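This report concerns only the one structure given below.
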Amino acid sequence: MTGRQIERLVRSGVWERAAWGVYRHEAVPSTVRSRLLALCMAHGAVASHRSAAALHPIEGYRLDRVEVVVPSGRARSIRGARRYESSQMGLFKPVERDGIPCTPVGRTVIDLAAVVSRRQLDRTVDAVLRDGQQRLSDLYGVLVSHARRGRRGSDALRASLAERFDDHAVPLSDWSRMVADLLADAGLEPPALEHRVCRADGAFVAQVDLAFPNHRVAIELDSARWHDDRESFVRDRRRRNEVTLAGWTVLNFTWSDYSEHPASLCEAVAQALAAAEANFCQ
């Protein structure tokens, strides 16, 4: 349509400007939902925080406000909305709820951690776990991927999760995949899970939690849940010695390394891979 045709419809009252370049027909009532959709369309924004929580829906939230997130530097202000800027838009893929693009549940939770009270955050975490919208590993994965960049809300969410869960609550298979995802997000090649280490003659040595076979670098995840008696403690040390004697570099990490110092964990793995690469080139 031409600009003149649009102006004629607006002047006649058939159309109403809902946002820049977005119009609402007079037959459609103006609601918080319609205003939220219009602003997302006009500014390339994504519904976030309490608006996204209401759309999913997460218990305890209702759509009574307009909150959106845009990439850093995208827009100075958005009339009629609480606007947040983020340099981490690439860490998630928007999902659609009732035709409105919004942050996925995990990202929504860490967004909320920066703006709601601790009590409400605790209720939010309980709600998404109880409803099955998120698993514990999902929440920790979002926390770690965002926290290593110094994000607001990460400390509050970490404290909320720590009061309920620790490595006793996370299955080893989930934890291994969470570490693998962390390393891949950091730009490293994805490690193999539950890799069987063998000697040059093909004899089986041990199975390790994660591995980079081409570099002969193995990662073992230490937890009191699986290493809480003397027998397992001794057996694991012997097994790791055998892996080392087979020519592998073995790195050991704890739950604290993953949840509180993810950047250091990634750096240690990167250094081990670089050292192995240098040795192969000699």
Side-chain angles (χ1 to χ4, degrees), residues 31-33 35-36 39-40 45-70 78 80-89 91-92 94-95 97-98 100-171 174-175 178 181-182 223-225 254-263:
T31 63
V32 175
R33 190 179 301 272
R35 293 196 298 273
L36 178 59
L39 292 174
C40 287
V46 176
S48 66
H49 296 72
R50 283 155 287 211
S51 291
L55 288 171
H56 276 298
I58 298 175
E59 183 180 335
Y61 296 90
R62 57 192 179 92
L63 194 56
D64 57 0
R65 67 186 74 196
V66 176
E67 293 184 307
V68 298
V69 62
V70 297
I78 299 179
R82 176 75 180 272
R83 177 187 60 83
Y84 300 89
E85 289 190 9
S86 174
S87 61
Q88 300 178 326
M89 299 290 283
L91 293 181
F92 71 91
V95 297
R97 294 290 181 268
D98 291 339
I100 302 174
C102 64
T103 53
V105 174
R107 168 64 186 248
T108 299
V109 171
I110 197 170
D111 282 341
L112 291 169
V115 298
V116 303
S117 67
R118 173 60 189 278
R119 177 175 294 182
Q120 188 170 359
L121 175 61
D122 289 342
R123 291 173 178 170
T124 300
V125 171
D126 289 340
V128 299
L129 292 173
R130 180 175 59 251
D131 296 344
Q133 295 196 65
Q134 290 280 278
R135 300 170 300 174
L136 175 61
S137 58
D138 297 327
L139 289 177
Y140 269 117
V142 171
L143 171 64
V144 170
S145 67
H146 289 74
R148 70 175 184 271
R149 295 167 172 85
R151 191 185 194 284
R152 284 186 58 209
S154 59
D155 288 343
L157 181 56
R158 178 179 291 109
S160 181
L161 294 177
E163 285 195 355
R164 295 169 180 75
F165 312 108
D166 55 17
D167 61 336
H168 285 71
V170 182
D174 283 354
W175 186 15
M178 290 156 69
D181 290 343
L182 173 67
S223 166
R225 180 179 184 181
T254 65
W255 179 257
S256 176
D257 292 324
Y258 169 79
S259 63
E260 299 179 20
H261 309 286

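Not measured: the values here are computed from a predicted model.
- Distance check, rounded to the nearest 0.5 Å: CG of Leu91 to CZ of Arg151 gives 9.0 Å.
- Here the closest heavy-atom approach between residue Ala113 and residue Gly153 is recorded as CB-O, 3.3 Å.
- In terms of modelled atom types and a separation under 3.5 Å, the side chain of Ser160 and the main chain of Ala156 share no donor-acceptor contact.
- A salt bridge is absent between Arg123 and Asp126; no separation between the charged side-chain nitrogens and carboxylate oxygens falls under 4.0 Å.
- Just one of Ser86, Ser48, Ser145 meets the side-chain hydrogen bond (donor to acceptor under 3.5 Å, both in side chains) condition when paired with Arg107; it is Ser86.
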Arg50/Val115 under side-chain contact (heavy atoms from CB on, under 4.5 Å): CA gap, chis, key distance, verdict
CA-CA 9 Å; Arg50 283 155 287 211; Val115 298; 3.9 Å; yes
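- Proximity of His56 to Cys102: side-chain heavy atoms (C-beta onward) are separated by under 4.5 Å at one or more points.
- Smallest separation of non-hydrogen atoms from Ala45 and Val68: CB-CB, 3.8 Å.
- Side-chain contact between Val109 and Leu143 is absent, with no heavy atoms from C-beta onward closer than 4.5 Å.
- A search for salt bridge (Lys or Arg N to Asp or Glu O under 4.0 Å) contacts involving Arg119 returns nothing, not counting sequence neighbours.
- Judged purely by atom type and a 3.5 angstrom limit, Glu59 has no side-chain atom pairing as donor or acceptor with the backbone of Ala127.
- Of all the heavy atoms in Ile100 and Ala47, the pair that sits closest is CG2-CB, 4.1 Å.
- Under the 4.5 Å side-chain criterion, counting only non-hydrogen atoms from C-beta, Met178 is in contact with Ser137.
- Every residue meeting the ring pair (Phe, Tyr, Trp, His ring centres under 6.0 Å) condition with Tyr84, not counting sequence neighbours, appears here in chain and number order: His49.
- Checked by atom type and distance alone, the side chain of Ser51 pairs as donor or acceptor with a backbone atom of Arg65 at under 3.5 Å.
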One pair to check against side-chain contact (heavy atoms from CB on, under 4.5 Å): Tyr61 and Thr108. What are the steps and the verdict?
CA-CA 12 Å; Tyr61 296 90; Thr108 299; over 6 Å; no
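- Among residues two or more places apart in sequence or in another chain, the salt bridge (Lys or Arg N to Asp or Glu O under 4.0 Å) test is passed with Arg158 by Asp155.
- The shortest side-chain heavy-atom distance between Asp111 and Glu67 does not fall under the 4.5 Å cut-off.
- The structure places CG of Leu161 at 4.5 Å from OH of Tyr140, a figure rounded to the nearest 0.5 Å.
- For the pair Val66/Ile78, no side-chain contact is recorded, criterion being any heavy-atom separation below 4.5 Å from C-beta on.
- Side chains of Glu85 and Val70 form a contact here, defined as non-hydrogen atoms less than 4.5 Å apart.
- The number of heavy-atom neighbours closer than 6.0 Å to CZ of Arg130, taken from other residues, nucleotides and ligands shown, is above 12.
- Here Leu112 contributes atom CG and Thr103 contributes atom OG1; the two are 8.0 Å apart, rounded to the nearest 0.5 Å.
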Walk me through it: do Leu36 and Leu55 pass the test side-chain contact (heavy atoms from CB on, under 4.5 Å)?
CA-CA 11 Å; Leu36 178 59; Leu55 288 171; 3.9 Å; yes
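- The shortest distance between side-chain heavy atoms of Asp64 and Val32 does not fall below 4.5 Å.
- Rounded to the nearest 0.5 Å, atoms OG (Ser256) and NE2 (His261) are 4.5 Å apart.
- More than 12 heavy atoms of other shown residues, nucleotides or ligands fall within 6.0 angstrom of atom CZ in Arg118.
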Evaluate the criterion side-chain contact (heavy atoms from CB on, under 4.5 Å) for residue pair Gln88 and His146; output intermediate values, then yes/no.
CA-CA 8 Å; Gln88 300 178 326; His146 289 74; 3.0 Å; yes
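- Considering CG of Leu39 and CZ of Arg83, their distance stands at 12.0 Å, rounded to 0.5 Å.
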